[in-house]
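The structure under discussion appears below in the form of structure tokens.
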Amino acid sequence: MPLVPRPGLDRIQPYQPGQRPIGGGGPGVKLSANESALGPSPKAMAAYADAAGVIERYPDANAVGIRQALADRYGLKVENILMGIGSDELLSALVRTYAGAGDEVLYPTATFPMYRIYALSTGADIVQAPDAGYRADVDALLAAVTERTKVVIVANPNNPTGTYLPADEMARLRDGLRDDILLIIDAAYAEYVTKTDYDAGIALVDGTDNTVMTRTFSKVHGMASLRIGWCYAHADIVSLVGRIRSPFNVSSAGQAAGIAALVDKTHEDTVVAHTAKWHGIATQRLSALGLEITGTEGNFVCVGFPDEDGKRAKDADAFLRKSDIITRGMAGFGLPKHLRVTIGTDEEMEVCIDAIEAFVRAW
Ligand SMILES: Cc1ncc(COP(=O)(O)O)c(C=O)c1O
């Protein structure tokens, strides 16, 4: 008898990570994975290097130091914080904790493709509610809820559109969901948001026992290769998810670097200011070409191209690749007419925007 995998796995295509420059033909610019243009805090790098002498020991399984540093930084209780191998591990574990075969996991249409993989891998079905103007639509999400809905996931701000739900809209979503539905607010890009009507999710988690906020050190803290994420939730959720996570999921060096990153607010502010500056410049220069920019938040801009021969997003992608400039086609994220450009360094942004301008001017 052949091995029979769990139902649902045949519907999963492996995640396609952002590609790297191949070398030759241009400067080699990687703007495909929403990594930090400015890298980590020098203090985080020093803490990481300091930890190099003790790699024979398992890390602190409870990651007390970094959880305490997060609690101090954001005014939270340590028992409500759980660390993960990136926020990826936590998103996966949360879905596995609350959804299984026969259940539904609901999320918006144009969003982070890993939600699909987490849901299908538990045997659950996925339901996607239509967006409104590239933004999650609370009414559409609520209308898509069925008796089988167990988990709702909203990236806020959303990758790839850069749109966000203000705090009152997210609260309206929570209010409209049954109490037995877990709401996951994936706030991977929270630190970049400057809008005053935004809340990363802390207030909603505080006021409910069925809401989780996930966060990451991969974006504003520039530590994507260390794989450190965290979530903030009611202690019962933390306890349940804590049972199925990997025991030593954050390395000692990662914990040390994360603690150092959290206290280096100056570096974080520099990253946020650099990102805002280039978000503004990219939006202004690309909009002036008649291209559509879908949102205002995050460390990326999502650019819409015309649906005409030679002008499509895939044509722009091919044009940029000739100069070894690697952005990300968004077909796999539900937006086939768009490219997502991660905010890079000053030089990378000049090169990339110049190239897109050259592409459009040749039409
Ligand atoms: C919306 C969103 N959520 C989660 C993640 C995963 O981040 P991490 O590196 O913490 O696993 C990403 C990474 O790009 C993301 O864009």
Side-chain angles (χ1 to χ4, degrees), residues 15-20 30-37 39-40 44 63 66 70 81-95 105 107-119 128 131 134-136 151-165 170 183-193 198 200-201 212-232 241 245-246 249-251 254-255 257-258 261-262 275 294-295 297-302 327-330 332-335 338 340-344:
Y15 181 72
Q16 299 293 331
Q19 292 176 1
R20 296 168 185 273
K30 183 177 185 228
L31 302 175
S32 58
N34 291 351
E35 295 151 336
S36 170
I66 190 167
L70 285 163
I81 298 171
L82 187 66
M83 305 306 297
I85 308 168
S87 48
D88 268 328
E89 186 196 24
L90 295 168
L91 290 163
S92 167
L94 283 159
V95 173
V105 175
Y107 51 88
T109 301
T111 194
F112 189 46
M114 286 305 299
Y115 304 153
R116 174 184 169 86
I117 295 181
Y118 301 139
Q128 288 187 269
D131 301 331
Y134 298 112
R135 199 181 87 160
V151 177
V152 175
I153 313 176
V154 179
N156 200 34
N158 186 43
N159 172 18
T161 57
T163 54
Y164 75 102
L165 285 184
M170 193 65 87
L183 173 62
I184 302 176
I185 303 171
D186 175 353
Y189 301 92
E191 294 86 351
Y192 298 102
V193 183
Y198 172 82
V212 182
M213 172 189 73
T214 58
R215 301 281 286 263
T216 183
F217 283 76
S218 301
K219 306 299 174 187
V220 82
H221 296 301
M223 293 165 46
S225 94
L226 296 190
R227 312 302 306 125
I228 309 173
W230 59 285
C231 72
Y232 176 60
V241 177
R245 71 172 172 94
S246 298
N249 55 1
V250 183
S251 69
Q255 293 184 32
L262 282 172
T275 306
T294 60
E297 309 307 316
N299 66 343
F300 51 87
V301 283
C302 185
T327 61
R328 186 89 159 254
M330 289 288 100
F333 288 60
L335 291 177
H338 293 72
R340 193 193 64 197
V341 179
T342 300
I343 305 291

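Just follow the structure's listing: the first ligand is 1, and inside any ligand the first atom is 1.
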Item to complete: Kindly indicate whether the side chain of T111, heavy atoms from C-beta on, has any atom under 4.5 Å from the side chain of I153.
Response: no

Discussion item. Can you report which non-hydrogen protein atom sits closest to atom 13 (C) of ligand 1, along with the distance?
Written reply: K219 NZ, 3.3 Å

Item to complete: Could you tell me which atoms of ligand 1, counted from 1 in the order shown, lie closer than 4.0 angstrom to a heavy atom of D88?
Response: 6 (C), 11 (O)

Fill in: Region of A188 that comes within reach of ligand 1 [heavy atoms, distance under 4.0 Å]
side chain

Worksheet item: How about K219 and Y192: do any of their side-chain heavy atoms sit closer than 4.5 Å?
Response: yes

Fill in: Contact atoms of ligand 1, heavy-atom distance to T216 under 4.0 Å
8 (P), 9 (O), 10 (O)

Fill in: Closest to atom 16 (O) of ligand 1 among T111, N159, I153 (heavy-atom distance)
N159

Worksheet item: How does M114 reach ligand 1, by side chain, by backbone, by both or by neither, if only non-hydrogen atoms under 4.0 Å count?
Response: neither

Response to the item:
When every non-hydrogen atom of C231 is compared with those of T214, the smallest separation belongs to CB-CG2, 3.9 Å

Practice prompt. Please report the shortest heavy-atom distance between P160 and R340, naming the atom on each side.
Written response: CB-CD, 4.0 Å

Worksheet item: atom 12 (C) of ligand 1: which protein heavy atom is closest, and how many Å away?
Response: F112 CZ, 3.4 Å

Fill in: Parallel, tilted or perpendicular: rings of Y15 and F112 (30°, 60°)
perpendicular

Worksheet item: Salt bridge or not for R215 and E191, using N-O below 4.0 Å?
Response: yes

Discussion item. Assess whether a salt bridge exists between E35 and K30, defined as any Lys/Arg side-chain N lying under 4.0 Å from an Asp/Glu carboxylate O.
Written reply: yes

Response to the item:
among protein heavy atoms, the one nearest atom 11 (O) of ligand 1 is R227 NH2, 2.7 Å

Discussion item. For atom 6 (C) of ligand 1, what is the closest protein heavy atom, and at what distance to 0.1 Å?
Written reply: S87 OG, 3.5 Å

Fill in: Qualifying residues under side-chain contact (heavy atoms from CB on, under 4.5 Å), relative to A188, sequence neighbours excluded
D186, T216

Discussion item. Tell me the protein heavy atom at minimum distance from atom 9 (O) of ligand 1, and give that distance in Å.
Written reply: S218 OG, 2.6 Å

Worksheet item: Of the backbone atoms (N, CA, C, O) and the side-chain heavy atoms from C-beta on, which set of Y189 has a member under 4.0 Å from an atom of ligand 1: side chain, backbone, both, or neither?
Response: side chain

Worksheet item: Taking heavy atoms and a distance under 4.0 Å, where does E89 meet ligand 1: side chain, backbone, both or neither?
Response: neither

Worksheet item: Which part of D186 is near ligand 1, with near meaning a heavy atom under 4.0 Å away: side chain, backbone, both or neither?
Response: side chain

Worksheet entry | Sub-4.5 Å side-chain heavy-atom contact between S218 and M223 | no

